[in-house]
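Notes to accompany the following structure.
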Amino acid sequence: MTSPLFLILWISGLTSLLLGSMFIHQQYTEAIKSDINEFETQWRQLEESKKSL
Amino acid sequence: MKLSQQGFAEAPAFLLLLLLSTLLGSQAWIWQKRRSELREHHRQLLCLKKNMIVTSKLVKRVNVINQMLTSGKVVQSIALLFPGKGWLLAANWQRVKKALMVMQEAAYWDAQRDYLSMKTKGCRMHYKIFLTPFERSDAFKREQDSTVLRKKEESLTFRTPLMNYRVKWQLRSNLETNLLWSLQ
């Protein structure tokens, strides 16, 4: 039998891990989206300079 | 329950938490790696695009002057048939021709400077950069009629962390100003 205190700690630990995982997922998804936007902007600028050749 | 028995019952739970923490750490590491690979992939794609622009610009500048040199030679030949002003025009053509040849060199230098700058910024370019007059480069050669012949085709393999590209361009003649690019 586990003590109630330990059960609470365990559940809160699992919840923190779940939230942590969601946070990591969300942070990196945002970061990658911003990287893609930056890339597309630079690509468009290069396209423009190529057209002006 | 004794303390020792309680610890024994709680050990798997600790192990589970430890495992999940490791999984969380691995997840963060995988995402970080993916992101850096994607960034590098984008950077190399931009390099490829810049490379295409610099090469197209160089060939265009060199070949436009080639066209001028070719037509200038024709004009000179005609001018020689007319003594006086025609001869004067033919004599001046030599000076103009020299200036045009210097302009071709300048175009070449500009492109080499751009290639070098790209290379120092981490672009993976698998060909030589010649910081010398272009006569020493294996890609350029000045012909007897003063025009410059650029190697007529070139293919290079371009690698990014996520993909490999085979890039090829072709030039039909040394008077053509547009390169035909193909990307596989």
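We use all heavy atoms of the structure for the numbers below, so side chains are in, but hydrogens, waters and symmetry mates are not. None of these values were measured; they are calculated from a predicted model.
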Problem set entry | A/Ile32 versus B/Arg35, closest heavy-atom pair with distance |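 Scanning both residues, the minimum pair turns out to be CG1-CG, 3.9 Å.
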Counting C-beta onward and ignoring hydrogens, is there a side-chain heavy-atom pair between [X] and [Y] closer than 4.5 Å?
X	Y	result
B/Leu45	A/Trp43	yes
B/Gln32	A/Tyr28	yes
A/Leu17	B/Leu23	no
A/Lys50	B/Lys49	yes

Exercise. Looking at A/Gly13, A/Gly20, A/Ala31, A/Ser49, which makes the most heavy-atom pairs under 4.5 Å with chain B?
Worked result: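 Max contact count across the listed options: A/Ala31.
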[atom1] of [X] to [atom2] of [Y]: how many Å apart, nearest 0.5 Å?
X	Y	atom1	atom2	answer
B/Arg43	A/Gln42	CZ	CD	11.0 Å
B/Lys57	A/Ser52	NZ	OG	8.5 Å
B/Leu20	A/Leu14	CG	CG	6.0 Å

More than 12 heavy atoms of other residues, nucleotides or ligands under 6.0 Å from [atom1] of [X]: is that the case?
X	atom1	value
B/Tyr165	OH	yes
B/Trp29	CH2	no
A/Trp10	CH2	no

Please answer: with hydrophobic residues joined when any side-chain heavy atoms are less than 4.5 Å apart, are [X] and [Y] in the same cluster?
X	Y	value
B/Leu171	B/Val64	no
B/Leu46	B/Val167	yes
B/Ile53	B/Leu183	yes
B/Trp31	A/Ile36	yes
B/Met52	B/Met118	yes

Side chain, backbone, both or neither: which part of [X] has a heavy atom under 4.5 Å from chain A?
X	result
B/Thr177	neither
B/Leu38	side chain
B/Lys60	side chain

